[in-house]
Engineer: 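Let me give you the structure first, and then I'll get to my questions.
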Amino acid sequence: MQEEWTREMDGEALWQALRDKYESEPLPIRYLNQRFFKRVDHLLADVDAEDSVLELGAGPGVSSMHLYQTLGKNRTFAISEGDARLVECLKAMKLPFPVSQEDITKLDRADNSWDGLICLEVLEHLPSQALVEQALQEIFRVAQKWVILSVPNEPLWRVLNMMRGAYWSDWGNTPGHINHWSPSAFAQLVGQYGTVVNMEKPLPWTILKIQVP
């Protein structure tokens, strides 16, 4: 799903803009990113060693490399991304796992074909609530055992943006963030598709682990 602010960028510019969110942010934000990944790691700690894992919406691949290292190299792991420009960049990296292009709302995967699916910081970018629900239906159709999802913790996310002087004209909303959920609202939404077994709230995110029915 292309966002308005990315449509005119070539692949290299988009790639760098997204990677800068991890690599060029001030130290406090990089610290928050590290805490985020630590909580994701916590949710992965009890995943079976033989579970196959698919990451959706890999973006610039920062989360992908972290997940690959956390999960261990001797398991089936793959990633996909919807933007062809990013997929081209990901493939150019010669990553040690498969990369594919697919729409998160129309996954080209068989039912229950992956033990676990991970989708981090994607759902807030989808253009409508209907597409969010389509994506969730697809995610839980493909997953056999468990799913991990993350979104910004709202309205905390916007409050913190405004406290640091960012995006004042849009009340602290990060460009491209279309959908907004509090932790309880997100858990209620996702709970329609599976059983929420764990919730982590590292500032300023919500991360859920859901057991597939």
Side-chain angles (χ1 to χ4, degrees), residues 1 36-59 61-82 87 97-154 178-202 205-213:
M1 300 291 177
F36 170 81
F37 282 120
K38 283 183 180 179
R39 301 325 296 168
V40 172
D41 292 350
H42 175 71
L43 295 181
L44 290 170
D46 61 354
V47 167
D48 291 339
E50 67 274 11
D51 279 2
S52 58
V53 180
L54 172 66
E55 183 193 16
L56 301 173
V62 174
S63 58
S64 308
M65 285 305 302
H66 180 90
L67 292 170
Y68 178 69
Q69 292 164 2
T70 296
L71 289 164
K73 301 175 182 179
N74 297 319
R75 75 162 70 231
T76 301
F77 178 70
I79 67 173
S80 73
E81 165 56 42
V87 171
F97 42 80
V99 179
S100 60
Q101 181 184 357
E102 60 185 337
D103 183 341
I104 194 173
T105 67
K106 300 174 184 177
L107 296 176
D108 187 21
R109 312 276 175 173
D111 293 358
N112 309 123
S113 54
W114 289 80
D115 293 311
L117 265 66
I118 300 174
C119 183
L120 306 175
E121 303 305 285
V122 174
L123 297 177
E124 67 269 23
H125 298 279
L126 299 183
S128 70
Q129 183 66 24
L131 287 174
V132 170
E133 293 174 3
Q134 254 183 265
L136 289 172
Q137 289 168 6
E138 283 293 274
I139 288 168
F140 283 90
R141 177 185 67 80
V142 172
Q144 183 173 28
K145 296 169 66 175
W146 54 268
V147 170
I148 291 177
L149 304 170
S150 80
V151 294
N153 180 342
E154 295 287 6
I178 298 168
N179 308 292
H180 307 89
W181 298 279
S182 67
S184 59
F186 190 56
Q188 183 176 9
L189 171 66
V190 174
Q192 300 175 55
Y193 300 90
T195 302
V196 177
V197 294
N198 206 331
M199 175 190 289
E200 298 283 347
K201 293 188 285 186
W205 289 277
T206 301
I207 315 173
L208 301 181
K209 185 175 184 180
I210 309 100
Q211 181 179 331
V212 177

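Only this structure's heavy atoms are used, side chains among them; waters, hydrogens and symmetry mates stay out. In this text, all values refer to a predicted model and were calculated from it rather than measured experimentally.
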Engineer: Using atom types as modelled and distance alone, determine if a side-chain donor or acceptor of K209 lies under 3.5 Å from a backbone N or O of L43.
Structural biologist: yes
Engineer: Can you give me the closest heavy-atom contact between I139 and L107, atom names plus distance?
Structural biologist: N-CD1, 4.2 Å
Engineer: Measure from the side-chain N and O atoms of E138 to the backbone N and O of I104, and report whether any donor-acceptor pair falls under 3.5 Å.
Structural biologist: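 Not a single qualifying donor-acceptor pair exists.
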Engineer: Under 3.5 Å, is there a donor on one side chain and an acceptor on the other for S182 and E154?
Structural biologist: no
Engineer: Inspect the surroundings of CD in Q188 and state if more than 12 heavy atoms from other residues, nucleotides or ligands are less than 6.0 Å away.
Structural biologist: no
Engineer: First locate atom CD1 of I207, then atom CG of L120, and finally report the distance between them rounded to the nearest 0.5 Å.
Structural biologist: 7.5 Å
Engineer: Using side-chain heavy atoms (C-beta onward) and a distance below 4.5 Å, is S150 in contact with F36?
Structural biologist: yes
Engineer: Look only at the side chain of Q144 and the backbone of S113, and say whether a donor-acceptor pair between them is shorter than 3.5 Å.
Structural biologist: no
Engineer: Side chains of I118 and L54: closer than 4.5 Å at any heavy-atom pair?
Structural biologist: no
Engineer: Hey, mind stepping through N198 and L208 against side chain to side chain contact (heavy atoms under 4.5 Å, CB included) and telling me if it holds?
Structural biologist: CA-CA 6 Å; N198 206 331; L208 301 181; over 6 Å; no
Engineer: CZ/F77 to CD/E55 distance, rounded to the nearest 0.5 angstrom?
Structural biologist: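 Rounded to the nearest 0.5 Å, the CZ-CD separation comes out at 5.5 Å.
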Engineer: Which value, rounded to the nearest 0.5 Å, describes the distance between F140 atom CZ and Y193 atom OH?
Structural biologist: 8.5 Å
Engineer: Does CG in N74 sit with more than 12 non-hydrogen atoms of other residues, nucleotides or ligands closer than 6.0 Å?
Structural biologist: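 Counting other residues, nucleotides and ligands, CG of N74 stays at 12 neighbours or fewer.
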Engineer: Is it the case that the side chains of H66 and D41 hold a donor-acceptor pair, with the cut-off being a distance below 3.5 Å and no angle test?
Structural biologist: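 Their side chains do contain a donor-acceptor pair, which is all the 3.5 Å distance test asks for.
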Engineer: If only atom types and distance count, is the side chain of N179 paired as donor or acceptor with the main-chain N or O of L123 below 3.5 Å?
Structural biologist: yes
Engineer: Just how far is it from atom CD of Q101 to atom CD of E81, taken to the nearest 0.5 Å?
Structural biologist: 8.0 Å
Engineer: Taking T105's backbone N and O only, do any of them form a donor-acceptor pair with D103's side chain (distance below 3.5 Å, no angle check)?
Structural biologist: yes
Engineer: Could you give the distance from CG (D46) to CH2 (W146), rounded to the nearest 0.5 Å?
Structural biologist: 9.5 Å
Engineer: So, do L117 and V142 sit near enough that their side-chain heavy atoms are less than 4.5 Å apart?
Structural biologist: yes
Engineer: Determine whether a donor-acceptor pair (N or O, by modelled atom type, separation under 3.5 Å) exists between the side chain of T70 and the backbone of L67.
Structural biologist: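 No; judged by distance alone, with no hydrogens or angles, the pair does not exist.
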Engineer: So, E121 and W205: side-chain donor and acceptor under 3.5 Å apart, yes or no?
Structural biologist: yes
Engineer: So, for I79 and A58, which heavy atoms are closest and what is the spacing to 0.1 Å?
Structural biologist: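 Residues I79 and A58, closest heavy atoms: CD1-CB, 3.8 Å.
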Engineer: Does the distance from a Lys or Arg side-chain N to an Asp or Glu carboxylate O, for R75 and D51, drop under 4.0 Å?
Structural biologist: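 Answer for the salt bridge query: no.
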Engineer: Show your reasoning for whether side chain to side chain contact (heavy atoms under 4.5 Å, CB included) applies to V147 and V212.
Structural biologist: CA-CA 7 Å; V147 170; V212 177; 4.1 Å; yes
Engineer: Closest approach of G194 and P213, non-hydrogen atoms and distance?
Structural biologist: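 Closest approach of G194 to P213: CA-CD, 3.9 Å.
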Engineer: In plain terms, say whether E102 and R109 are close enough for a salt bridge, that is, a side-chain N and a carboxylate O under 4.0 Å apart.
Structural biologist: yes
Engineer: So, do L189 and L136 sit near enough that their side-chain heavy atoms are less than 4.5 Å apart?
Structural biologist: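 A side-chain contact exists here, since the closest heavy-atom pair is under 4.5 Å.
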Engineer: CG/N153 to CE/M199 distance, rounded to the nearest 0.5 angstrom?
Structural biologist: 9.0 Å
Engineer: Would you check if the side chain of D115 reaches a backbone N or O of V53 as a donor-acceptor pair within less than 3.5 Å?
Structural biologist: no
Engineer: Step through the shown structure and confirm whether more than 12 heavy atoms of other residues, nucleotides or ligands are within 6.0 Å of CG on D108.
Structural biologist: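 Result for CG/D108: open.
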Engineer: Do I210 and L149 touch side chain to side chain, with heavy atoms closer than 4.5 Å?
Structural biologist: yes
